[in-house]
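This one's a predicted model, so the numbers in the text were calculated from it and none came from an experiment.
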Amino acid sequence: MQRIQSKEYFNAVQAYFAKHKDPATVYSFLLNTLWTDKQKLSDKMYYQRVDMLKMTENCVSFYTGTECTLVLCSNPEKQAP
């Protein structure tokens with residue numbers, strides 16, 4: 001599982017999610033936002049097929065089946081559920 005701590009990326013994903021509810025679309029948006037920052041994501045992340053996401057006040061968790069593949073949190077002190 002990858003973990004990213006970034007208020008900027010979290011806010012962008014949250015705003016995008018408000019208009020686009022499909023988990024795969026939101027995940028693609030995040031990957032496209034991060035494409036210039038490849039050290040944040042492994043190559044494997046680009047081939048994941050995300051089909052579910054869980055959003056809390058401070059974190060977004062992306063799932064492939066039942067496996068959490070990526071957690072994006074806005075604040076380092078906050079933990080994903």
Side-chain angles (χ1 to χ4, degrees):
M1 173 182 66
Q2 289 284 137
R3 184 172 186 87
I4 298 173
Q5 313 265 143
S6 170
K7 187 172 182 113
E8 178 185 353
Y9 294 141
F10 178 80
N11 289 342
V13 166
Q14 194 174 38
Y16 191 83
F17 179 71
K19 295 180 182 176
H20 304 88
K21 300 293 185 185
D22 177 54
T25 302
V26 176
Y27 184 73
S28 292
F29 167 77
L30 177 59
L31 291 182
N32 288 335
T33 303
L34 294 169
W35 75 273
T36 59
D37 200 4
K38 288 189 179 185
Q39 68 270 18
K40 289 218 176 238
L41 296 176
S42 67
D43 289 339
K44 179 182 174 187
M45 298 306 295
Y46 290 98
Y47 300 103
Q48 297 290 330
R49 297 184 63 91
V50 169
D51 55 11
M52 183 175 71
L53 66 80
K54 291 182 182 178
M55 185 171 293
T56 65
E57 184 178 321
N58 297 302
C59 293
V60 181
S61 300
F62 295 90
Y63 291 83
T64 299
T66 59
E67 179 185 352
C68 182
T69 58
L70 175 65
V71 176
L72 169 64
C73 291
S74 66
N75 188 335
E77 293 84 40
K78 303 297 180 183
Q79 298 295 319

**OP:** Carefully, step by step, assess Ser74 and Asn58 under the rule side-chain contact (heavy atoms from CB on, under 4.5 Å).
**Re:** CA-CA 5 Å; Ser74 66; Asn58 297 302; 3.6 Å; yes
Subject >> Donor-acceptor contact present, side-chain Thr69 to main-chain Phe62, <3.5 Å >> reply: yes
Original post:
Is there a side-chain contact between Val71 and Met1 (heavy atoms, below 4.5 Å)?
Top reply: yes
Original post:
What pairs with Thr64 under side chain to side chain donor-acceptor pair (under 3.5 Å), at least two apart in sequence or on another chain?
Top reply: Gln48
Subject >> Value rounded to 0.5 Å, distance of CD in Gln5 from CG in Leu72 >> reply: 8.5 Å
Subject >> Candidate pair Leu34 and Leu30, rule side-chain contact (heavy atoms from CB on, under 4.5 Å), full reasoning >> reply: CA-CA 6 Å; Leu34 294 169; Leu30 177 59; 3.7 Å; yes
Original post:
With respect to Phe17, which candidate in His20, Lys21, Gln14 satisfies the side chain to side chain contact (heavy atoms under 4.5 Å, CB included) definition?
Top reply: Lys21
**OP:** Go through the structure and list residues passing ring pair (Phe, Tyr, Trp, His ring centres under 6.0 Å) with Phe10, not counting sequence neighbours.
**Re:** none
**OP:** Could you tell me which residues satisfy side chain to side chain contact (heavy atoms under 4.5 Å, CB included) with Ser28, sequence neighbours excluded, listed by chain and number?
**Re:** none
**OP:** Any chance you could measure Cys59, atom SG, to Leu53, atom CG, to the nearest 0.5 Å?
**Re:** 12.5 Å
Subject >> Residues which pass side chain to side chain donor-acceptor pair (under 3.5 Å) with Asn11, listed by chain and number, not counting sequence neighbours >> reply: none
Original post:
How far apart are the closest heavy atoms of Met52 and Gly65, and which atoms are they?
Top reply: CE-O, 4.3 Å
**OP:** Kindly indicate whether a cation-pi arrangement holds for Lys44 with Tyr46, taking the cut-offs as under 6.0 Å to the six-membered ring centre and within 45° of the axis.
**Re:** no
**OP:** Check each of Tyr9, Tyr27, Phe29 against Tyr16 using the ring pair (Phe, Tyr, Trp, His ring centres under 6.0 Å) test, and report the only one that passes.
**Re:** Phe29
Original post:
What residues form a side chain to side chain contact (heavy atoms under 4.5 Å, CB included) with Asp22, not counting sequence neighbours?
Top reply: Ala24, Thr25
Original post:
Between Leu70 and Val50, is any pair of side-chain heavy atoms under 4.5 Å apart?
Top reply: no
